[in-house]
Asker: 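My questions will all concern the structure given below.
Numbering of ligands and ligand atoms starts at 1, following listing order. Note that the coordinates shown come from a computational prediction; the quantities given were computed from them, not determined experimentally.
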Amino acid sequence: MLILGIETSCDETGVALFDDEKGLLAHALFSQTDMHADYGGVVPELASRDHVRKLLPLCDQVLAEAGKQRQDIEGIAYTAGPGLIGALMVGGSVAHALGFALGIPVLGVHHMEGHLLAPMLEDNPPAFPFVALLVSGGHTQLVRVDGIGEYQMLGESVDDAAGEAFDKTAKMLGLDYPGGPRVAALAEKGREGRYRFPRPMTDRPGLDFSFSGLKTFTLNTVNRAREAGELDEQVRADIALAFEAAVVDTLTIKCRRALQETGCKRLVIAGGVSANKRLRAGLEAMTAKLSGSVFYARPEFCTDNGAMIAYAGAQRLRAGQRDGERIVSVPRWPMNTLPPVNEPRAE
Ligand code: ATP
Ligand code: MG
Ligand code: FE
């Protein structure tokens, strides 16, 4: 079954063609980052309008790359939420219009399920069950995964997401958005042990996270260094490293706990922050000690992309799930309300 995947939940237009026998045939991404940079954050209306401009040309591009025609597409998956309502509606409208014209099934999929399943696009995909750490710009969640659509929430952030903390730290250090990769690059020049940041909520039981206190700690550290006239490139790198180490340690401690509590040996990490090298290394070391293993996607499939939506949609479309005539756009949508893949979806 040849599936076209469409991602437009935020500021990235992602399109992909996935064949459930041959695998991923082509994918393309346009990032609006430069357009929003002048405003210091994503402007929803500008995002929607740019998705309108980019989506169909990207669809044509992936079809050309895969040597396929529109008529060859057998199903369409689009991101139905969570995300920016206007941006979601662009993807949903195009998906439904194309699906209607071609007479093929269309399905709105969950953006975080897309992230969660992205590591399945790689060689040696993880088998169920596993524990998943979803770490992105808007989410930090630990989930027990027994199958597609069988999600049990183990813990989540009570305030900021890990990616958001990276982005805010970047801003404090004078770095551009998206901050994660820039903080990580700066941290490589940092001196180990120069600062020590707290590991929030690791001193008590439970699997929830909190990153807003860490953000304040970073801000205070930056301000103190600035007032002392010490905030040069080296000190900024030291702060970036201390911050990154604190986030990685905190996530690693909670992941270890989740593996021990569930008895799972496999850990899957997904979402933009799962591209972080220090996090990958920390989790590799931790899971090795438990005789377990960690799975993740290639960096371009950690952040938003069309391939993960095509893959998640393919699993559900193949099982017979599809939208009715209505476009589905849901800005807020808890992932544990999704149906298991083998049950028909209620309209
Ligand atoms: P959500 O998926 O929760 O709706 P989103 O789609 O904005 O949010 P993603 O695209 O999954 O989030 O990831 C973007 C986030 O990942 C940003 O916060 C970015 O700073 C962070 N990020 C990307 N690469 C890295 C990295 N190497 N290290 C740390 N953080 C990173
Ligand atoms: Mg993004
Ligand atoms: Fe995302």
Side-chain angles (χ1 to χ4, degrees), residues 5-14 29-37 41-44 46-47 50-51 54 79-85 87-88 91 109-119 132-141 143 156-157 160-173 175-188 209 211 214-215 240-241 243-248 250-251 269-283 296-309 312 330-335:
I6 294 176
E7 156 62 36
T8 64
S9 69
C10 189
D11 60 343
E12 251 114 28
T13 318
L29 185 86
F30 180 82
S31 176
Q32 306 175 354
T33 305
D34 292 346
M35 185 180 78
H36 299 289
V42 177
V43 184
L46 294 182
D50 207 54
H51 287 306
K54 299 296 177 348
T79 302
L84 300 171
I85 184 71
L88 292 168
V109 309
H110 196 287
H111 180 77
M112 297 313 294
E113 179 171 74
H115 277 303
L116 169 67
L117 299 178
L133 172 71
L134 299 177
V135 267
S136 57
H139 295 80
T140 305
Q141 297 177 325
V143 191
E156 62 188 323
S157 178
D160 293 358
E164 197 179 346
F166 266 98
D167 295 332
K168 287 176 177 166
T169 293
K171 223 174 202 175
M172 295 174 207
L173 293 171
L175 304 170
D176 289 338
Y177 180 87
R182 294 182 166 93
V183 170
L186 184 60
E188 294 204 356
F209 304 90
F211 290 107
L214 190 56
K215 176 184 68 186
L241 176 60
F243 165 81
E244 186 182 44
V247 174
V248 167
T250 304
L251 293 173
I269 55 171
V273 183
S274 70
N276 187 276
K277 284 191 205 141
R278 188 173 289 265
L279 177 63
R280 291 177 170 197
L283 294 174
Y296 40 76
R298 70 195 85 165
E300 64 182 320
F301 293 164
C302 290
T303 44
D304 293 349
N305 65 87
M308 67 184 195
I309 301 304
V330 207
R332 288 175 177 277
W333 187 9
M335 196 175 69

Asker: For the Fe ion (ligand 3), which N, O or S atom of Asp304 is at the shortest distance?
Answerer: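 Atom name returned: OD1.
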Asker: At the 4.0 Å heavy-atom cut-off, does Cys10 count as touching ligand 1?
Answerer: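 Flag not set, Cys10 not near ligand 1.
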Asker: Does Glu12 reach ligand 1, in the sense of a heavy atom lying below 4.0 Å from it?
Answerer: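 Not so, Glu12 does not reach ligand 1.
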Asker: Out of Val247, Val248, Asn276, who gets a non-hydrogen atom closest to atom 28 (N) of ligand 1?
Answerer: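 That would be Asn276.
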Asker: Using a plain distance cutoff, I'd like to know if Gly163 has any nitrogen or oxygen under 3.5 Å from a nitrogen or oxygen of ligand 1.
Answerer: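 By distance alone, the answer is yes.
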Asker: To check your reading of the model: name the closest protein heavy atom to atom 20 (O) of ligand 1, its residue, and the distance in Å.
Answerer: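 The closest one turns out to be Asp167 OD1, 2.6 Å.
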Asker: Could you tell me whether some N/O pair between Tyr177 and ligand 1 is separated by less than 3.5 angstrom?
Answerer: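 Such a contact does not occur with ligand 1.
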Asker: Of all the non-hydrogen atoms in the protein, which one sits nearest to atom 1 (P) of ligand 1, and at what distance?
Answerer: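 For atom 1 (P) of ligand 1, the nearest protein heavy atom comes out as Ser136 OG, 3.4 Å.
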Asker: For ligand 1, indicate whether the residue His111 contacts it via side chain, backbone, both or neither (heavy-atom separation under 4.0 Å).
Answerer: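 It is the side chain that touches ligand 1; the backbone stays farther off.
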Asker: May I ask you to identify the nearest protein heavy atom to atom 23 (C) of ligand 1, giving residue, atom name and distance to one decimal place in Å?
Answerer: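 Among all protein heavy atoms, the one nearest atom 23 (C) of ligand 1 is Gly272 O, 3.4 Å.
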Asker: Consider every N or O of Gly138 and every N or O of ligand 1, then say whether any pair is closer than 3.5 Å.
Answerer: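 Right, the criterion is met.
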Asker: Considering non-hydrogen atoms of the protein only, which is the closest contact for atom 31 (C) of ligand 1, and what is the distance?
Answerer: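 Nearest protein contact, heavy atoms only, for atom 31 (C) of ligand 1 is Gly180 CA, 3.5 Å.
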Asker: Identify the protein heavy atom lying closest to atom 15 (C) of ligand 1, giving its residue, its atom name and the separation to 0.1 Å.
Answerer: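 Going by distance alone, atom 15 (C) of ligand 1 is nearest to Gly137 N, 3.7 Å.
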Asker: With respect to the Mg ion (ligand 2), please indicate if Asp304 possesses an N, O or S atom at a distance under 2.8 Å.
Answerer: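 False for Asp304.
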Asker: Do me a favour and list the nearest non-hydrogen protein atom to atom 10 (O) of ligand 1 with residue, atom name and distance?
Answerer: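 Here the closest protein heavy atom is Asp304 OD1, 3.0 Å.
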